[in-house]
Amino acid sequence: MPSRPISSPSPASPPPSSRHDKTPPLTAAAAGGCFSLFITLSVCFCKLTRKRPPPPPAGATASSSPPPPREFSYSTLRRATASFSPTNRLGQGGFGAVFRGTLSSGENVAVKVMDSGSLQGEAEFQNELFFAGKLLDSSPHVVPVIGFSHDKKRRRLLLVYELMDNGNLQDALLHRKCPELMEWSKRFLVAVNVAEGIEHLHGLERPVIHGDVKPSNVLLDKDFNAKIADFGLARVKPEHVEMITLDGGGGGGGGPEEELESVITTATGYEDFNFGPVVGSSPEMRAAPLESPETVVSVSPEKGKESERRDWWWKQESNVERGKVKEYVMQWIGSEVKKERPSSVDWMTTASSSESSKKKSSKRLEWWLSLEEESENKKKKKRRMVREWWKDEYRREVSKKKKKKKTLESEFCSDDGRRSNSKGSSIDWWLDGLRARGNSHDSVSVSGEMAKSCGISSTPSMRGTVCYAAPEYCNVDNNNVSEKCDVYSYGVLLLVLVSGRRPLEMTGSASEIQRANLMSWARKLARKEKLVDLVDQKLQNLDQEQAVLCIKVALQCLQRLPVSRPSMKEVIGMLKGEVSVP
Ligand SMILES: Nc1ncnc2c1ncn2[C@@H]1O[C@H](COP(=O)(O)OP(=O)(O)OP(=O)(O)O)[C@@H](O)[C@H]1O
């Protein structure tokens, strides 16, 4: 019987044992696939959610020392400030409102939000960012920007700073009257801190001119250590600076006519804005000043007059923006006309409330602003007429004043000690204020307290703040900007610190009138050798000698000619008693 051949096992039908053996590799492959898919998805998710670091600034090298300012997302800052809650509002500047915030890391910050349509805003934003990289952690007496954010949808630009617990010096000294600042040693320390902060800026390889030194730009930490803030108007020192060595060369000299004219020009801020408005919002335009302000800022004598006049950020021109600028200037002049009246609140408000006079003012201002289209001769003629108008306005106001106030006014002594008569020189009274650039809330208490919370910026001009700005800084041909501008402003700040008064302050009593202009009063006291009269009576544990020394240093800083002012290094030396006061 033939034996049945043993059929070979068909490959299609493996034995049960063999099928069972192949299952684990298949499962492993599926699991491996799932795992790699998971990894890929995780990596993608991480990439998508990770915040991109800001691009390095132009010209930055990999080894550039200070880290660039951080970019925050808008939502982070919104969360940090509880949706920019009014309860977190710290103050208001020309740029916009500033809010207190706490980041998720627990870090306390101050967030500055640029108002959409702010004239100053965008240029200042760029400027602050430009200096942020340069100044981060560079000095204990400087508050640089630590980050920024922008929200395209809401057209908002935001800057983030380290929070300074005791706010600004202006507020702490003059509004809140913090007890800590009633201690002489603390005030003196603030004076030295500020001087060191400015000296640090001036001592950089390319010196930085702050351009807006004033008490509201000095911030105080929890121990009342002072730091310089707000680099919106800062600039790198021009390579060629024309130093004024002759009186009248741009330091505000010249005859009364010229002075009056220049006062009106500077007071309106018109010339500043005429250079071209704040840049537009396209990225290219925004990038321009960030690239290299140093190269544009130089004011070499070879350049044309027109280009000499331009600050580096005023590069863009657009008619639409011009319209906005004019509107702004008109509003501003209007408010200045109201603010600058020398006497008490009552006649000022009476005057400003009259509807017809408002209309008249507005017409005249329109007219004044139309000067830019006029020829030089016509401009001169109109300027003369505007001058007349300002005088008329003032005389009208004066005639409304009570007899008593007239008497007080006639007692006012001018800067050089000459007694002014009530009619002819009455305009000088408040023009003196304007000459000293006295229209900010930093300086004006004529109309009562104008605290930050009113929402009024203290920098109405892009050339610093009235009262604090050096005469040459406000000059139309602004090619004389040097560190000495900051020295002048520091001199005013020092007087404010020692006296506890604003640079321009009027309360109405006869004795007060002579002290209304802090700088003039200090000079007068110096002539009488009674500087101690200027020292704040409320100061505790006063070191009289040191306080008088501070006033002397301040007067050195306030010299009209920049070359006559000391450097900040010398100022620190004088304050510390290492250098004698000339
Ligand atoms: N880092 C900060 N910490 C605490 N408060 C701050 C800080 N930065 C600004 N502030 C507050 O917000 C206010 C407004 O600041 P901002 O720098 O915008 O305006 P300003 O310098 O006072 O005015 P301007 O911009 O017209 O010169 C300050 O006066 C200060 O009280």
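Remember, it's 1-based here, ligands and their atoms both numbered in the order they're listed.
Selection from Lys112, Arg89, Gln92, Lys227 by nearest heavy atom to atom 18 (O) of ligand 1 gives Lys112. Which of Leu163, Val145, Leu219 comes nearest to atom 8 (N) of ligand 1 through a heavy atom is settled by distance: it is Leu219.
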Could you give the side-chain donor-acceptor pairs of residues 93-111 under 3.5 Å, partners two or more places apart or in another chain?
| from | atom 1 | to | atom 2 | distance (Å) |
| --- | --- | --- | --- | --- |
| Thr102 | OG1 | Asn108 | OD1 | 3.1 |
| Ser105 | OG | Glu107 | N | 3.4 |

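Within the 4.0 Å heavy-atom shell around ligand 1 one finds Asn217.
In this pair, Phe125 and Phe148 present their aromatic rings perpendicular. The plane angle is above 60°, beyond the 30 to 60° band.
Counting heavy atoms under 4.0 Å from ligand 1, residue Glu162 touches it through the backbone alone. Of the heavy atoms in Asp212, only side-chain atoms (C-beta onward) come closer than 4.0 Å to ligand 1. Of all the heavy atoms of Ser216, the ones lying under 4.0 Å from any atom of ligand 1 are found in both the backbone and the side chain.
Taking 4.0 Å as the cut-off between side-chain N and carboxylate O, Glu472 and Arg560 do not count as a salt-bridged pair.
Asn217 approaches Asp212 most closely through the heavy-atom pair ND2-O, 2.8 Å.
Side-chain contact of Ser83 with Ser85: a donor-acceptor pair under 3.5 Å is absent, judged by distance alone.
Ligand 1 places these atoms under 4.0 Å from at least one heavy atom of Ala110: 1 (N), 2 (C), 3 (N), 7 (C).
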